[in-house]
Amino acid sequence: MEYNFRKIEKEWQRVWKETGAYKVSNDSAKPKAYVLDMFPYPSGAGLHVGHPLGYIASDIYSRFKRLKGFNVLHPMGYDAFGLPAEQYAIENGVHPAVSTEKNIENFRKQLDNIGFCFDWSREVRTSDPAYYKWTQWIFLQLFSSFFNRTNGKAEPISGLVAIFEKEGNIGHVSPANPSLVFDAATWKSYSHKQQQDILMDYRLAYCGEGEVNWCEALGTVLANDEVVNGVSERGGYPVVKKKLRQWYLRITEYADRLLEGLERIDFSEAMKEMQTNWIGRSYGSEIDFNVKSEKATVDKLRVYTTRPDTIFGVDFMVVAPELDWVPELASAEQLQSVQDYLDYVKSRSERERMAEKKISGVFTGAYAINPFDGREIPIWISEYVLAGYGTGAIMAVPCGDERDFKFAQHFGIPITNIIGSHFDGEEANPTKEAVLENSGFLTGMTMRDAIGAAIDKLEVMGIGKRKVNYRMRDAAFSRQRYWGEPFPIQWKAGEAVPLPVADLPLALPHVDSYKPGPEGEGPLANIPAWVAKELETNTMPGYAGSSWYFLRYMDPHNNHELCSRKASDYWGQVDLYIGGTEHAVGHLLYSRMWTKALYDLGYIGHDEPYKKLVNQGMIQGSSRFVFRVNGTNTFVSKGLLSADGTYQGKTIDKLHVDVNIVDGYELDTQAFTKWRPSFADAEFILEDGKYICDSEVEKMSKGKYNTVNPDDLVDKYGADTFRMYEMFLGPVEMSKPWDTKGIEGVHRFLKKFWRLFMDEEKGLLVVDEPATAEELKILHRTIRKIEEDTERFSFNTAVSSFMICVNELTELKSRKKSILSDLLVLITPYAPHIAEELWHQIGNAGSVLDAAFPVFDEKYVRESAKAYPVAINGKTRAEITISLEANQQEVEQIVLADTSIAKWLEGKPPKKVIYVKNKMINVVI
RNA sequence: GCCCGGGUGGUGGAACUGGUAGACACGCAGGACUUAAAAUCCUGUUCGCCGAAAAAGCGAGUACGGGUUCGAUUCCCGUCCCGGGCACCA
């Protein structure tokens, strides 16, 4: 019987489906394990070989935990709202729900091909009204809550209203408007609208004003990456910033808890660092400077600095250009330059400003007065200072800050040195250890000490105060789009009124056109009935549905709650979460915040969603190129080109060619002529009868013709081979280029594995006889290795161990049922189909999916002696087998008596003999 | 510019806590079986030197230059290159 993987795999997939082998119960005496993949956006392009990498890893881990006796939740679903479907709808008139459904169907088929153990009865789709009902419900919870800073928790806003009625807002500073203070009587005197406006500044989900990239010509709002050089990527139309009503999540209130939570979860240090940097907590102070300007309409400039100790080294101020009052600073002489600069900045996207390396800015003509020495400090504006961070203004200290230094140098601003020899005039020195000079009352102090002293003095003078700042901003939570969750909000006389929970879900209405509404509103603004009901016309962003989906899997069909408390208490945190680093600061922060809010409000019992996160690397494409003689249809093999890339002096075009018609580097010229009509009459200049292509590692994408479809590989080699090969490629966390060539080796391995059990003619070879010590040693070494490697996600080395084990058993012609049965269980997580088939072939009952993972017993692998490497001065010179019982003295005797060692000693005694038991021996001479 | 990864044979990678560098594969070369091919199996494969060859031996070698150590792919300092991320964060 030969290894007919096509038949075996289809057959067992059918059986597993029929028997509900992957259905998971919420009611089990077994310990639980929750293994989750970041769910995919079902794009029209389908899966390529990069996508399943993480899914295979989590699938192996899930199956492994199941064999180890866990009740394993391993669900899958779709992040089904998103821009591409809407764009496709605009271009082709197909409703996003229709194209999404079709794409999901295709994804499902591709996923099923690979043989995953997902419990599909728990599938979720964020675009399903039964799902987004609860996304809307959570939004209403956030809308109806505020963050109580006195105990650091989200609480219902009704409690805040009660407090306001009793004592005003003395104990609860407004996050959005810190200077607002009112007492109970004042609160009661406010109109309903005024009260609602104040409450909006406290809500965790709130409505405010925000700037968007508005493109008049396209009549739509654009994402940052759709704007290039101030014009739209599509069409090249002008883009301006426009203020629109926007919803936000007050994630900044959770900044400290998001930082604290990182200490309790198992994320990579790199990931924690990224989140920490994103939140960006800094300790500094705000300082007010008096302003001297021609117009004299601005009397104070408030800056934020982490280094108040350097205040005597301030040589200029920089203000963010977009602050409203900037023109007020301009002197008559500078007004034109300031206006020109503001126009320039307006045309630039945020992204461009960030990437900009060249220094730009303009002097306003106004001065700030140093409060300690009365010096007049010129005030500049420059795009390197952002309005959204701190106060939108900085005090620039060129001797201590690199950017300030370069700015001063570029514009010829004189530099004050306050750190003596620590500053060399060549580059800034950001030290905190220097002793201050030229610094008034701070002179003679180390900078570290002066920070506190400076703040103390500023506070006494009433012109400065300590301030903790966060880099993170509140999360914009609305989009002017169609294909997203509608907000369950009605606008009545300018007040946002939540819909009653009983009216959820607020279903996304049918539209005839996906075109944007008037004035940058979303397509929902085009529906008269919608507008008549005064419903919010924005929709929620892509990350809304993905911020809580891990909870829905636990109880996916619950119509009364987002997830029953019983279910969420049983499954608790996700034990293993696998996904890419691109979500480091988006999805992972948002879902952590939602979890904390739901925890605060008592809906779930844990405040961190993911116990452990593993990041999968990106699989890059290995592109192939052909060389066409410019202006002809003649293609030259790579090796025939000159060093300068020409052929017989003629220019060459380097073109991407579909990797699927290249075998390694050799082009299938037949297939090439059929690939595209324009190549039908292509001519080839070959080397050694072959056409050799060039290659480059690039991102995998359709346009580069370097995508590989898993379906093709599964068809050719089977799912088990594909699964093991993806793992064999290297560590999951690492990025690596895809190379189909190596898959043959893994396929050969599985065929060899099969032949341990089966002979093509004779059939089953397995015998029920006692195993030898040698066989048991091989088995138990493998058990130990597979268990350790799977537990630490080292799947590539686990595959190697299987290969080694099979090579050794083949060598021994071992056919013992007891050995091979255990081996089948070991390989089940990796190659479930072949394992199940052989499990039944050798006469085992039940499914191998539920077999017990073999228990490692050290006694079978114990050794009595070791072949030690013996080194002379660290260089290995011999291998001597010595008993593990031997002591230092005995070892020295044996080693020094060895002829190949003795010759290095030339009769002299060694200085030292280092003997590390079970490791090595080193003779020092 | 800043932050995070990573540089090991022709290729993917292994070496888990400082202890035989290159496991396991791919590719390549040679051979067996076959009319032939596929499949399968066997042998070799870091580089250089020495050798007719084999065996054995010698030297170098984990991006580069230093350091610590009996011993460094692993730890420390400096440099270069590649990949990814970013909101110039005061």
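Only a predicted model underlies this, so the values are computations on that prediction, with no experimental measurement involved. Because only heavy atoms are used, hydrogens play no part in the values below, and waters and symmetry mates are left out as well, while side chains stay in.
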Which residues pass the ring-ring contact (aromatic ring centres under 6.0 Å, His included) test with [X], not counting sequence neighbours?
{"X": "A:Y254", "value": "A:F147"}
{"X": "A:F267", "value": "none"}
{"X": "A:H48", "value": "A:H51"}

What pairs of nitrogen or oxygen atoms, one from the protein and one from nucleotides 41-47 of chain B, lie under 3.5 Å apart?
residue	atom	partner	partner atom	Å
B:C41	OP1	A:R755	NH2	3.1

With heavy atoms under 4.0 Å as the rule, sort [X] into base, sugar-phosphate or nothing.
{"X": "A:M472", "value": "base"}
{"X": "A:A867", "value": "base"}
{"X": "A:K406", "value": "nothing"}
{"X": "A:R281", "value": "nothing"}
{"X": "A:E879", "value": "base"}
{"X": "A:N922", "value": "base"}
{"X": "A:I914", "value": "base"}

### Task
Could you tell me how the ring of A:F749 sits relative to the ring of A:F802: parallel (under 30°), tilted (30 to 60°) or perpendicular (over 60°)?
tilted

With [X] via salt bridge (charged side-chain N to carboxylate O under 4.0 Å, His left out) - residues at least two apart:
{"X": "A:K467", "value": "A:E286"}
{"X": "A:D256", "value": "A:R281"}
{"X": "A:R448", "value": "A:E433"}

### Query
According to the side chain to side chain donor-acceptor pair (under 3.5 Å) rule, which pairs have a member within residues 301-312 of chain A, sequence neighbours left out?
A:S282-A:Y304, A:D288-A:R302, A:R307-A:D309

### Task
Identify, with sequence neighbours excluded, every residue that meets side-chain contact (heavy atoms from CB on, under 4.5 Å) alongside A:K917.
A:Y868, A:Y915

### Query
Between A:S735 and A:M618, who's closer to the 5' end of RNA chain B by nearest nucleotide?
A:S735

### Message
Here's a test of your reading of the structure: between A:Y304 and A:K751, which maps to the more 5' nucleotide of RNA chain B?
### Response
A:K751

Please pick, from [options], the nucleotide with the shortest atom-to-atom distance to any side-chain atom of [X].
{"X": "A:P731", "options": "B:A14, B:C24, B:G59", "answer": "B:A14"}
{"X": "A:N807", "options": "B:A25, B:C16, B:C89", "answer": "B:A25"}
{"X": "A:S282", "options": "B:C16, B:A90, B:G12", "answer": "B:A90"}
{"X": "A:R471", "options": "B:G19, B:A23, B:C89", "answer": "B:C89"}

### Message
I want to check one thing: is the phosphate of B:G59, taken as OP1 and OP2, less than 4.0 Å away from some side-chain N or O of A:R877?
### Response
yes

### Summary
Output row for RNA chain B, stems defined as at least 3 consecutive Watson-Crick or G-U pairs under 3.5 Å, is B:1-7 with B:80-86, B:10-12 with B:24-26, B:27-32 with B:40-45, B:46-49 with B:57-60, B:63-67 with B:75-79

### Query
Under the rule syn = chi within 90° of 0, otherwise anti, which is B:G27?
anti

#### Entry: Whether over 12 other heavy atoms sit under 6.0 Å from A:E858 CD
yes

### Query
Which salt bridge (charged side-chain N to carboxylate O under 4.0 Å, His left out) pairs, counting each pair once, include a residue from residues 745-754 of chain A, with sequence neighbours left out?
none

### Summary
Quick tally for nucleotides 2-9 of chain B: nucleotides whose base has a protein heavy atom under 4.0 Å get B, sugar-phosphate-only ones S, the rest -, giving -SS-----

